[in-house]
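Structure record follows, encoded as structure tokens.
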Amino acid sequence: MRSLWGAVRVFLFGLSLASLSLSGASLFHIPPHDQVARVARFVAHQVDWASMATISTHKPVVGQPFSNVFSVSDGPRGSGSGVPYMYLTRMEISVQDLEVSPVASLTMSLAQTDYCRQQSFDPQSPLCAHIILSGSVQEVNGTEAEFAKKALFTRHPEMIDWPSDHNWFFAKFNITQVWVLDYFGGVKTVTPDEYFQATPYRKHH
């Protein structure tokens, strides 16, 4: 009987650890929806990829919006700068668009995290926060390129082994406008100054 109760206690303890582990996956909370700039910074730091729309230079869709997926990082976990960095090659179709016109937009959504699934929020629901950044893409060099490398390679380690003959380079997204949808009542806008002055996300303990 003792061995049976011992096994039950071990089993229950294991369940409690598993529960803590699962809940620990989302031990953060989104800033209040009235703190729009903080919400934008939170989303930008949490996501690992974004959909980037460029103006196509390729037939048969020349001049039309063209959306593509890119890995992004605004800094190592817990050290977000707010600037989305990317690792690009001129062999890529969207990068070829950017060489003609660097303007673009980035969409980032918490739908790619566990948060919306755990809350049962559909990706299109306003409660599943997402942001749209308007601006342009610019290659970076020197100290900023070193920061971009650390930001990207710590969160996307596979990049380290990507083919060297593709002439990869680091780039940043220059933000001119921020659009935030995280609650009912329509989209809200944030200026770049408001965005960069906002405090990064805070962990919930």
Side-chain angles (χ1 to χ4, degrees), residues 28 30-31 36-56 64-99 101-117 121-140 144-145 147-159 162 168-182 187-192 194-196 198 200-201:
F28 60 80
I30 302 175
V36 186
R38 283 197 64 220
V39 171
R41 286 291 300 273
F42 177 87
V43 174
H45 186 62
Q46 288 297 321
V47 303
D48 291 323
W49 59 268
S51 174
M52 181 166 68
T54 57
I55 299 173
S56 180
Q64 297 182 28
F66 187 83
S67 184
N68 204 346
V69 170
F70 289 88
S71 297
V72 297
S73 173
D74 79 332
R77 290 287 182 192
S79 301
S81 67
V83 178
Y85 290 99
M86 294 174 280
Y87 195 39
L88 305 176
T89 169
R90 291 177 176 84
M91 299 172 65
E92 209 283 325
I93 188 170
S94 296
V95 177
Q96 293 168 11
D97 293 341
L98 294 170
E99 291 182 319
S101 175
V103 296
S105 67
L106 280 182
T107 298
M108 304 173 175
S109 172
L110 289 186
Q112 65 175 270
T113 71
D114 290 334
Y115 174 76
C116 294
R117 287 188 293 271
F121 295 152
D122 187 87
Q124 192 173 327
S125 167
L127 299 178
C128 184
H130 76 268
I131 62 174
I132 303 169
L133 306 178
S134 299
S136 61
V137 178
Q138 175 188 348
E139 183 174 355
V140 296
E144 189 168 17
F147 179 81
K149 180 179 181 179
K150 180 180 180 181
L152 287 157
F153 285 13
T154 54
R155 294 175 67 166
H156 304 279
E158 179 186 328
M159 289 179 170
W162 285 0
W168 298 95
F169 63 94
F170 295 100
K172 67 179 177 181
F173 193 87
N174 285 319
I175 301 171
T176 57
Q177 186 67 56
V178 181
W179 311 77
V180 180
L181 188 63
D182 69 328
V187 69
K188 294 164 284 190
T189 59
V190 174
T191 67
E194 292 169 333
Y195 174 80
F196 286 112
Y201 79 103

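The figures that follow rest on heavy atoms only: side chains count, while hydrogens, waters and symmetry mates do not. Each residue takes its place number in the sequence, starting with 1.
Here the side chains of Ile93 and Asn68 are in contact, with some heavy-atom distance below 4.5 Å. Between Ser109 and Cys128 the shortest side-chain heavy-atom distance falls below 4.5 Å. Using a 4.5 Å cut-off on side-chain heavy atoms (C-beta onward), Ser73 and His45 make no contact. Put simply, the side chain of Val103 reaches to within 4.5 Å of the side chain of Ile55, judged on heavy atoms. Side-chain contact between Leu152 and Phe170 is present, with heavy atoms from C-beta onward closer than 4.5 Å. Annotation: side chain of Leu110 is in contact with side chain of Phe42 (closest heavy-atom distance under 4.5 Å). Using a 4.5 Å heavy-atom cutoff, the side chains of Asp97 and Phe66 are in contact. You'll find the side chain of Val36 stays beyond 4.5 Å of the side chain of Pro31, heavy atoms only.
Judged by distance alone, the side chain of Tyr195 and the main-chain N or O of Gly82 form a donor-acceptor pair under 3.5 Å. Judged by distance alone, the side chain of Ser51 and the main-chain N or O of Ser67 form no donor-acceptor pair under 3.5 Å. Panel note: side chain Thr54, backbone Ser56; no donor-acceptor pair is recorded below 3.5 Å. Thr154 places a side-chain N or O within donor-acceptor distance of the main-chain N or O of Ala151, the cut-off being under 3.5 Å. Formation of a donor-acceptor pair under 3.5 Å by the Gln112 side chain with backbone atoms of Trp49 is found in this model.
For the side chain to side chain donor-acceptor pair (under 3.5 Å) test, no residue two or more places apart in sequence or in another chain qualifies with Thr176.
No hydrogens or angles considered: nothing links the side chains of Ser105 and Ser134 as a donor-acceptor pair under 3.5 Å.
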Problem - Chi angles and distances behind the salt bridge (Lys or Arg N to Asp or Glu O under 4.0 Å) call for Asp74, Arg155 - result: CA-CA 10 Å; Asp74 79 332; Arg155 294 175 67 166; 3.8 Å; yes

Practice task
For side-chain contact (heavy atoms from CB on, under 4.5 Å), just list the numbers for Val190 and Val180, CA-CA rounded to whole Å, side-chain angles, deciding distance to a tenth of an Å, and then say yes or no.
Solution key: CA-CA 8 Å; Val190 174; Val180 180; 4.2 Å; yes

Handout entry: From CA spacing to verdict: side chain to side chain donor-acceptor pair (under 3.5 Å), Tyr115, Gln46
Key = CA-CA 10 Å; Tyr115 174 76; Gln46 288 297 321; over 6 Å; no

Handout entry: From CA spacing to verdict: side-chain contact (heavy atoms from CB on, under 4.5 Å), Met86, Ser71
Key = CA-CA 6 Å; Met86 294 174 280; Ser71 297; over 6 Å; no

Exercise for the section: Could you check Glu99 against Arg90 for side-chain contact (heavy atoms from CB on, under 4.5 Å), going step by step and ending with a plain yes or no? Expected result: CA-CA 8 Å; Glu99 291 182 319; Arg90 291 177 176 84; 2.8 Å; yes

Exercise for the section: Would you sort out whether Thr189 and Val178 count as a side-chain contact (heavy atoms from CB on, under 4.5 Å), showing the intermediate values? Expected result: CA-CA 6 Å; Thr189 59; Val178 181; over 6 Å; no

Problem - Worked check of ring-ring contact (aromatic ring centres under 6.0 Å, His included) between Phe173 and Tyr85 - result: CA-CA 6 Å; Phe173 193 87; Tyr85 290 99; over 10 Å; no

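Atom OG1 of residue Thr191 and atom CD1 of residue Ile175 lie 10.5 Å apart, to the nearest 0.5 angstrom. With rounding to the nearest 0.5 angstrom, the CD atom of Glu92 is 8.0 Å from the CH2 atom of Trp168. Rounding to the nearest 0.5 Å places CD of Glu144 at 4.0 Å from NZ of Lys172. Annotation: the span from Leu88 atom CG to Met52 atom CE amounts to 6.0 Å, rounded to 0.5 Å. To the nearest 0.5 Å, atoms CG (Asp182) and OG (Ser125) are separated by 10.5 Å.
In this structure, Trp179 places its CH2 atom where only 12 or fewer heavy-atom neighbours from other residues, nucleotides or ligands lie under 6.0 Å away. Within a 6.0 Å sphere centred on CD of Glu158, other residues, nucleotides and ligands contribute 12 heavy atoms or fewer. The number of heavy atoms from other shown groups lying within 6.0 Å of NZ (Lys188) is above 12.
Of all heavy-atom pairs between Ala40 and Ile131, the closest is O-CD1, 3.6 Å. The two residues Ala111 and Arg117 come nearest to each other via the heavy atoms O-NH1, 3.6 Å. When all heavy atoms of Phe147 and Ser81 are compared, the pair lying nearest together is CE2-OG, 3.9 Å.
Classification of Arg77 and Asp48 as a salt-bridged pair holds, one side-chain N sitting under 4.0 Å from a carboxylate O. Taking a cutoff of 4.0 Å between a charged side-chain nitrogen and a carboxylate oxygen, Arg41 and Glu194 do not qualify as a salt bridge.
Of the candidates Phe70, Phe153, Phe169, Phe153 is the only one forming a ring-ring contact (aromatic ring centres under 6.0 Å, His included) with Tyr87.
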